[in-house]
Amino acid sequence: MRVDEIKARYPMRDILARCGLETKRGGFCRCPFHKGDNTPSMKVYDDGFYCFACGRGGDQIAFVRQFHNLNFKEACEWISGETLTKETRTQVAVTVLKRQQAEKTKKRLQEELRAVGEGFTGLWQTYLKAEPFSDDWTNAYNKWQLLCYQQEELINQLGEL
C-alpha cells in the first residue's frame, strides 16, 4: 500500500481511537506528547493534528511515529496492518527523486533567466549607442528579440513546474 493510500484510507480519528485517545467535540483531544494536559489542546483534522500547547503536529504517520517511537516504515506498517512491499518503498523513493529533480530544474531555469536578464542590460547599451539601422544596431535588435523569446520560454517552463 502506498503512503498516499494509507493517509486516504485511515483518518486521524481512527488512528487516535486505536491508540486509546478519545476525541471530544470540536475535534479536540488531550495531547499525549506533554504532561499536565488537563484540557484538550490537540486539534484533530481528517489528515493530521496540531497541539496548541506543545506545538507538535503532522499527519497520521507522524503521529504514530511520535506516539509509538517508530521509524517511518514501521509507522506505515502499524497503520495499515501490513508490511510495506519493496514496490511501495520504490514508489516512495521515486517520488522523492522526482521532487529533487524538479527542484534542480527550477534552480537551473532561474539561473538561466537571471543570465538572460543580464544579457538584456549589456545589449541595451549597445542598441542605444549604435546608429539606427546600422549593422551593430540590427545585430543588437536581433539578439534582443532572441533574448525576449528565451525569456518567455524560460518563464513558461518555470510555470509548468
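The first residue in the sequence is number 1, and the count goes up from there.
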> Phe72 versus Val3: any side-chain heavy-atom pair under 4.5 Å?
Replying inline: yes
>> Please find the pair of heavy atoms, one from Arg13 and one from Gly27, that lie closest to each other, and give the distance.
In response: NH2-CA, 3.6 Å
>> Would you say that Trp78 contacts Ile15 through its side chain, given a criterion of any heavy-atom pair below 4.5 Å between the two side chains?
In response: yes
Please tabulate, for side-chain N and O atoms in residues 136-148, each donor-acceptor pair with protein atoms closer than 3.5 Å (sequence neighbours left out).
unit_1	atom_1	unit_2	atom_2	d
Thr138	OG1	Ser134	O	2.8
Asn139	ND2	Asp135	O	3.2
Tyr141	OH	Gln145	NE2	3.4
Asn142	ND2	Thr138	O	3.4

>> Within this structure, what is the CD1-CD distance for the pair Ile61 and Gln66, rounded to the nearest 0.5 Å?
In response: 12.5 Å
> Can we call the ring centroids of Phe33 and Phe63 under 6.0 Å apart?
Replying inline: yes
> Any side-chain heavy atom of Lys7 sitting closer than 4.5 Å to one from Asp59?
Replying inline: yes
>> According to side chain to side chain donor-acceptor pair (under 3.5 Å), who are the partners of Lys43, at least two apart in sequence or on a separate chain?
In response: none
> Who are the side-chain contact (heavy atoms from CB on, under 4.5 Å) partners of Glu103, not counting sequence neighbours?
Replying inline: none
> Do Phe49 and Met12 come close enough that some side-chain heavy atom pair is under 4.5 Å?
Replying inline: yes
>> Tell me whether Phe52 at atom CZ has more than 12 heavy atoms from other residues, nucleotides or ligands lying less than 6.0 Å away.
In response: yes
> What heavy-atom pair brings Cys29 and Glu22 nearest, and what distance separates the two atoms?
Replying inline: CB-O, 3.2 Å
>> Can you confirm whether Arg114 sits close enough to Glu118 that some side-chain heavy atom of one is under 4.5 Å from a side-chain heavy atom of the other?
In response: yes
> What are the two closest non-hydrogen atoms of Asp46 and Gln60, and how far apart are they?
Replying inline: O-NE2, 3.7 Å
>> Let me check something: do Leu113 and Tyr149 share a hydrophobic cluster, defined by ILVMFWY side-chain heavy atoms less than 4.5 Å apart, either directly or through other members?
In response: no
>> Could you walk me through whether Phe28 and Tyr50 satisfy the ring-ring contact (aromatic ring centres under 6.0 Å, His included) test, starting with their C-alpha distance in whole Å, then the side-chain angles of each, then the deciding distance to 0.1 Å, before giving a yes or no?
In response: CA-CA 10 Å; Phe28 281 89; Tyr50 180 78; over 10 Å; no
> Given side chains that start at C-beta, do those of Ile79 and Ile6 come closer than 4.5 Å, heavy atoms only?
Replying inline: yes
> Could you give the distance from CD (Gln151) to CG (Asn156), rounded to the nearest 0.5 Å?
Replying inline: 10.5 Å
> side-chain contact (heavy atoms from CB on, under 4.5 Å) between His68 and Cys19: does it pass, once the steps are laid out?
Replying inline: CA-CA 9 Å; His68 292 292; Cys19 292; 3.7 Å; yes
> Any side-chain heavy atom of Arg56 within less than 4.5 Å of one from Cys31?
Replying inline: no
> Can Ser41 and His34 be said to form a side-chain contact (heavy atoms from CB on, under 4.5 Å), step by step?
Replying inline: CA-CA 10 Å; Ser41 60; His34 64 273; 3.6 Å; yes
>> Has Glu74 got a side-chain atom pairing as donor or acceptor with Asn71's backbone, closer than 3.5 angstrom?
In response: yes
>> Just verifying a value: how many Å separate Lys104 NZ and Gln100 CD, rounded to the nearest 0.5 Å?
In response: 6.5 Å
>> I'd like to know if the side chain of Glu112 reaches the main chain of Leu154, judged simply by a donor and an acceptor atom lying under 3.5 Å from each other, with no hydrogens or angles considered.
In response: no
> Does Pro32 reach the side chain of Met42, with side-chain heavy atoms less than 4.5 Å apart?
Replying inline: yes
> Passes side-chain contact (heavy atoms from CB on, under 4.5 Å), Leu158 versus Lys106? Steps please.
Replying inline: CA-CA 6 Å; Leu158 276 170; Lys106 184 176 180 180; 3.8 Å; yes
